[in-house]
2 protein chains.
Amino acid sequence: MPAPTSRRELNKAATREAIADATLAFLRAKSLSEFTVDDVAAAAGVSRRTFFNYFSSVEAAVASFTQNYLDTVIAELESRPADEPILESAGHALSAVDSAADLAMLAETFALTQDPQLGRFQLQAWEECSSKIADVARHRLPPATNELYIQALVGAVVGSCKAAFGVWFQEHGSDISPASLAHLRELLGTTISLVRNGFNN
Amino acid sequence: MPAPTSRRELNKAATREAIADATLAFLRAKSLSEFTVDDVAAAAGVSRRTFFNYFSSVEAAVASFTQNYLDTVIAELESRPADEPILESAGHALSAVDSAADLAMLAETFALTQDPQLGRFQLQAWEECSSKIADVARHRLPPATNELYIQALVGAVVGSCKAAFGVWFQEHGSDISPASLAHLRELLGTTISLVRNGFNN
DNA sequence: TGCAAGTTTGCACTGAATGCAAGTTAAGGT
DNA sequence: ACCTTAACTTGCATTCAGTGCAAACTTGCA
């Protein structure tokens, strides 16, 4: 991936990250209603107006972390061989993304989901993810594949894996130790195979 | 269900419905940014402040339709015999709710989902639905059942059925004819059996 | 009838979100 | 190095969302 890295791009990316980070920092300390966009903008060293040039709300700023994580998984999925069974690819893609940073973020976003105001935006990130995965699936499955099959498959995979992450988070909180990660991978593996082989065991 | 129907309750329910209906009426004609809460409140014959006593936003008001539909399905699910296999119960519950009014609403909410601002709230309705179904499942499945199994199952069922509704809507739009409804039921049936028997056919 | 509890409303206030125009900064050609 | 152009940032002004509060009004009940 030859990043089209002009100076402008770099600045934008840095600003974007600064804003998102500042937002997250506030959320670690306070709830949504206890700080304002002005606070975040100031902390990120940027004007209020610039904040809104990057994100349409504080909620959207936090959701960017989840989006990043999910996009990474999707990139991983796309890089799998095209003839691999798609559920197997999914399993590998999920296992491949396990850097501490990524997963710590994901765990944190699960914690944030407790606030429905933030949860909405997280859900939307997953939804967008679903539609991107559906695109990938459409290209990988035989061309004549039923649209229902594709969409139901993606819905089931994403829905159940999200649930698996939820179970993991409920048990381990923000614990990112190797043991915890191994458990996560096991949960995801089990889930994928349930989807593959059916829930009627 | 002995409705605890005092006069107060009736008034509240009527007001709530009036507000939700007025909101929907505006959305049929205009997009979110083209009218205000004041407009809706006026149309519902209620003050702006009262609108907010019932719903925290226009988006939440529309989402109430989806919530109602999903709650109906859940009630149906709960009324199934406790020893019926749970995926079978799910299939029956989905088929049972097929009044034209309910499904027309559902189709409409799918159309509205195009606006992400509204979509977020719809997603949240589905999410709440998932957690309610998980409660039901926890009571129906053997007590020792793995939490992962429960959550993954519910995630898969809800995720794939939502997808099935999406496919149906994409093909039929707001067509509520018997033929269209038959097709919907077929799509849902196929989806449930995919979840039951696995996507790896 | 009359009191207690539940509801509606208006008012006031904070802060989100967006358009616009003026100021800054980077990119690329000369 | 200089200038032009396009991209980006900022401040300002405006509209409207959302909430707390207190005063009016309804309903439930003794």
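Within every chain, numbering begins at 1; the chains are lettered A, B, ... in the order of the sequence lines, protein sequences first and strands thereafter. The structure displayed is predicted, hence computed values, not measured ones.
- Looking only at side-chain heavy atoms (C-beta outward), A:Thr66 and A:Phe121 stay at 4.5 Å or farther from each other.
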Requested in this report: May I have the step-by-step check of side-chain contact (heavy atoms from CB on, under 4.5 Å) for A:Phe165 and A:Leu184, ending in yes or no?
Outcome: CA-CA 7 Å; A:Phe165 278 116; A:Leu184 171 60; 3.7 Å; yes
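- Closest to the A:Thr15 side chain, of the nucleotides D:dT9, C:dT8, C:dG15, is D:dT9.
- Distance A:Leu10 CG to D:dC8 C1': 15 Å, rounded to the nearest Å.
- Atom pair B:Asn53:CG and D:dC21:P shows a separation of 14 Å (rounding to whole Å applied).
- In this structure, A:Arg16 places its CZ atom 13 Å from P of D:dC8, rounding to the nearest Å.
- For the pair B:Phe51 CZ and C:dT7 C1', the computed distance is 17 Å after rounding to whole Å.
- A straight line from CZ of A:Arg49 to P of C:dG19 spans 7 Å, rounded to a whole angstrom.
- Here A:Tyr54 lies in heavy-atom contact (under 4.0 Å) with sugar-phosphate atoms only.
- Distances shorter than 4.0 Å separate some side-chain N or O of A:Thr50 from OP1 or OP2 on D:dT10.
- A donor atom on one side chain and an acceptor atom on the other are not found under 3.5 Å apart for B:Ser180 and B:Ser177.
- The side chain of A:Arg7 approaches C:dA26 more closely than any other nucleotide in the set D:dG28, C:dA26, D:dC8.
- Atom-to-atom, CZ of A:Phe35 to P of C:dA16 comes out at 9 Å; the value is rounded to the nearest Å.
- Closest to the side chain of B:Arg8, from the set C:dT25, D:dT27, C:dG10, is D:dT27.
- Protein atom NZ of B:Lys12 is 4 Å distant from nucleotide atom P of C:dT7, rounded to whole Å.
- Between A:Arg28 and A:Glu108 there is a salt bridge, since a side-chain N of the basic residue sits under 4.0 Å from a carboxylate O of the acidic one.
- Screening B:Leu153, B:Val154, B:Leu70 for a side-chain contact (heavy atoms from CB on, under 4.5 Å) with B:Ile133, the sole residue that qualifies is B:Val154.
- B:Phe52 has its CZ atom 13 Å from the C1' atom of C:dG15, to the nearest Å.
- In this entry C:dT1 has D:dA30 as its Watson-Crick or G-U wobble partner, both defining distances falling under 3.5 Å.
- For A:Arg48, no side-chain nitrogen or oxygen approaches OP1 or OP2 of C:dG15 to under 4.0 Å.
- Projected onto DNA chain D by closest heavy-atom contact, A:Gly45 and B:Asn11 fall at different nucleotides, the more 5' of which corresponds to A:Gly45.
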